[in-house]
Amino acid sequence: MLNLKPVKMGGILSEGMLMCAGESVVEPLDPPTDAVPGDTITFPGISSPDKPPASANQMRRKKILEVLKPDLRTDGKCVACYKGVPFTVAGKGVCTVVSEKDAFIN
């Protein structure tokens, strides 16, 4: 995953995407403290930081996020995961939420 470039959606400029976990209580995913805008999130053993990310157009056209969503969850330690593998920023840590354990990520 990577930050998206600004794009007009419904006539309004969107400059990012906020991913959250939970259903009755919704919490934003927190990046590692040392993460900076533009850092790439990888899933060790599944993705590679060397592989270029899908473009915003590919994301929309192929509905990539919709395909991935069923496997996006937090684990029992509030770590954001894809297929059980943590959202990882190399050398900086993993993305987490404050309290939503075993929750879907949207």
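Keep in mind that the numbers below use all heavy atoms, side chains included, and drop hydrogens, waters and symmetry copies.
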key: Counterpart residues, side-chain contact (heavy atoms from CB on, under 4.5 Å), relative to Ile12 (two or more places apart)   =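 For Ile12 there are no side-chain contact (heavy atoms from CB on, under 4.5 Å) partners, ignoring immediate neighbours.
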ask   = Once you round to the nearest 0.5 Å, how far does CD1 of Ile105 lie from SG of Cys20?
value = 10.0 Å
task = Starting at CG of Asn106, measure out to CD of Glu23 and round the result to the nearest 0.5 Å.
result =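 Result: 8.0 Å between the selected atoms.
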Could you report the tightest heavy-atom contact between [X] and [Y], atom names first, then the distance?
| X | Y | answer |
| --- | --- | --- |
| Pro28 | Val97 | O-CG1, 3.8 Å |
| Gly22 | Ala103 | N-CB, 3.7 Å |
| Pro44 | Thr42 | CD-O, 3.7 Å |

ask   = Cluster partners of Val94, using ILVMFWY side-chain heavy atoms under 4.5 angstrom, listed by chain and number?
value =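 Members besides Val94, by chain and number: Val79.
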ask   = Any salt bridge (charged side-chain N to carboxylate O under 4.0 Å, His left out) pairs touching residues 26-36, not counting sequence neighbours?
value = none
query = Which salt bridge (charged side-chain N to carboxylate O under 4.0 Å, His left out) pairs, counting each pair once, include a residue from residues 84-106, with sequence neighbours left out?
reply = Asp39-Lys92
message = If hydrophobic clusters are built by linking Ile, Leu, Val, Met, Phe, Trp and Tyr wherever their side-chain heavy atoms come under 4.5 Å apart, do Val98 and Phe104 end up in the same one?
response =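 Looking at the clustering, Phe104 is in a separate group from Val98.
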key: Same cluster (ILVMFWY, side-chain, under 4.5 Å), Ile41 and Ile46   =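 Yes, Ile41 and Ile46 fall within the same hydrophobic cluster.
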Please tabulate, for side-chain N and O atoms in residues 80-89, each donor-acceptor pair with protein atoms closer than 3.5 Å (sequence neighbours left out).
residue : atom : partner : partner atom : Å
Thr88   : OG1  : Pro86   : O            : 3.0

query = Which residue pairs pass the ring-ring contact (aromatic ring centres under 6.0 Å, His included) test with at least one member in residues 9-33, sequence neighbours excluded?
reply =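 Checked against ring-ring contact (aromatic ring centres under 6.0 Å, His included) - neighbours excluded - no pair reaches residues 9-33.
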